[in-house]
K.L.:
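Below is one structure. I have some questions about it.
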Amino acid sequence: MRIRNLLFVLMLLGSWVNAQNPIIQTFFTADPAPMVYNGTVYLYTSHDEDSTVNNFFTMYDWRCYSSKDMVNWTDHGAVASLKNFKWLNKTNGAWAVQCIERNGKFYLYVPIHGEGISVLVSDSPTGPFSDPVGKRLIDSDHIWQDIDPTVFVDDNGQAYLYWGNPGLWYVKLNNDMISYDRSIGQNGIVSIEMTPEAFGSKAGRDGKPGTTYTEGPWFYKRNNLYYMIYASEGIPEYISYSTAPTAEGPWTYKGHIMKRADHLAFTNHSGIVDFKGNSYFFYHTHELSKGEGFKRSVSVEQFAYNPDGTIPLITPTKEGVTKSVSLLNPYTPVQAETIAFSEGLKTTGNSQTGVYVTKIDNGDYLKVRSVDFGKGPKQIEASVASAAQGGTIEVRIDNSDGELLGTIAVENTGGWQNWKTVNGKLKKATGVHDLYFVFKGGDGQLFNFDWWKLK
Ligand code: FUB
C-alpha cells in the first residue's frame, strides 16, 4: 500500500516536472491570439498586472511571444499599450487583442474596455505599432459591448472583423484594414442573429431563452468551412464553436470544445492555429496565480480535427504540448528570454539590449527544451550584467537537478546594464536534451541574463 502511495506521488511529481502549461511564467498573460507568420507562431496576449486594482481586470498593455517549435517561447515584451492612443484618456482596459498580417503590414486589433475597438499598425510582428486612425475604429452605439475583436482575410481578399459580448457583430474591412464598408448593416455594422440553432440554447439571467454565446470569438476558415470559436455558457465560461458555409453565416452550433475545470479561470478565451502539420488550441487558466481570476495565464494543447472537420472535446492539461516540432540550435546566440518553463524570473528590456531575463534570485531556474547538442559542446558563453554580488549559473540537462555539465561564474560587472560575456567549461553531452540554467548565489537579485551560446 505504502509503495503504491509512493508511486502515485512520484507519478504526480513526474507530471509536474514535465509541466509545460501555463506556457508563460514570467507574467500573467490572457486572451491568447496566435498568428502563424514566416515559419513562426507569434502569440499576442493581453496582460493581467501582478497587482490587481479594485478587484477588476487590471490590464495596461499587450505582449507578444514567438515560437518555432511550440515548446520554447521567446518573449518580445509589451509590443503595444494604451499609451499608443494619444486621444485616449484612460489607463486601464487593454483587453483581448488579435494581430494579422496583410501585404507585409501587421494590424493589431484591440478593444479598450468601454472605448470600443481600435487598430494599430506596424511593419514588424513585434512592433513598434502606431495608431493610423487617431480615433476608435468601430463606431457603434453599443460601445461597452465592443470587445474581443477577431479578424480573418478570406480567399477572395475580403477581410472580416467580428467581435462582441454578449452579441456578435461584424464589419467588412476595406483593403486598407483600417476602415470598413459603411454601405451594409447599420452604418457598416452587421448584427448576427443569436439563435439556439446558431449558438446553442441557454436561458438568460432573466429566464428568457437565449444562446450559449458569451464573448471572445475566434474566427477562421479551414478546408472551406468557417469556424467561430467562442467563450460560452456564461460564467464560468466554457469554449464552444459554430461553423458556417460562408464568412457571413448562417452559423450552426457544434458543441463544446473545452468544459469547465477547477484550474480554469471564470473567463476563458481561445485561439486556434495549424502549424507545421499540427493543430493547437490556446486558452487561459488561473493555474499560475493559484485561483485568481484577474491573474490568468495562457496554456496550449495539441489536438487533431475529426475527419469531418469537427473539433474534439479538449481537456486542459499541465503537460501541454509534449512534442517540439523542431530542435533548438544552441550554437548561435539564443536569447535568455527563450523559455520553455521557468520559476521565479521576470523579463524586462530597453532599446539597447532588447528583452532580457531579470529578477534572478538564488534557486530560480530556466528550462529550454529540445536543444540539439550535436556532437557535444566544450564551452558555454553567456551575456550577463550585475550591480550586485553576481552568482553562478549551473548548466544542467534533462532536469533542474539533472547532470551538471558545468558552471558559469558571474561577478559584479559594474552595473545592471554593464553587459559582459562570460564563459564556462562544459562536460561533453551529445544528442538532444532539455537544458536547465539553475541560478545560485546569496540573498537578493544576483544578475541580469541576456543571451547564451554553446561552443
Ligand atoms: O481579458 C478581459 C476579458 O476577459 C476579455 O476581453 C474576455 O474575452 C475575457 O477573457
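Both counts, for ligands and for their atoms, begin at 1 and track the order of listing. Here, residue 1 is the first one in the sequence, and each next residue gets the next number. The model shown is predicted, which means the values in this text are computed figures rather than measured ones. Only heavy atoms go into these numbers, but all of them, side chains included; no hydrogens, no water, no symmetry mates.
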K.L.:
For the residue pair H47 and F27, is the inter-centroid distance of their aromatic rings smaller than 6.0 Å?
P.N.:
yes

K.L.:
Dump the pairs for me: ligand 1 N or O, protein N or O, distance under 3.5 Å, to 0.1 Å.
P.N.:
residue: ligand 1; atom: 1 (O); partner: D31; partner atom: OD2; Å: 2.5
residue: ligand 1; atom: 1 (O); partner: R296; partner atom: NH1; Å: 3.2
residue: ligand 1; atom: 1 (O); partner: R296; partner atom: NH2; Å: 2.9
residue: ligand 1; atom: 4 (O); partner: R296; partner atom: NH1; Å: 3.2
residue: ligand 1; atom: 6 (O); partner: D148; partner atom: OD1; Å: 2.5
residue: ligand 1; atom: 8 (O); partner: D148; partner atom: OD1; Å: 3.4
residue: ligand 1; atom: 8 (O); partner: D148; partner atom: OD2; Å: 2.8
residue: ligand 1; atom: 8 (O); partner: H269; partner atom: ND1; Å: 2.8
residue: ligand 1; atom: 10 (O); partner: D31; partner atom: OD1; Å: 2.7
residue: ligand 1; atom: 10 (O); partner: R296; partner atom: NH1; Å: 3.3

K.L.:
Assess whether side chain to side chain donor-acceptor pair (under 3.5 Å) is satisfied between E248 and Y160, documenting all intermediate values.
P.N.:
CA-CA 9 Å; E248 296 167 26; Y160 290 85; 2.5 Å; yes

K.L.:
Assert yes or no for the condition that the ring centre distance of W419 to Y356 is strictly below 6.0 Å.
P.N.:
yes

K.L.:
Answer yes or no on whether R222 is positioned over the face of Y305, meaning its NZ or CZ is under 6.0 Å from the six-membered ring centre and within 45° of the axis.
P.N.:
yes

K.L.:
Does the separation of the ring centres of F199 and Y253 fall below 6.0 angstrom?
P.N.:
no

K.L.:
Would E292 and T52 count as having a side-chain donor-acceptor pair, cut-off 3.5 Å?
P.N.:
no

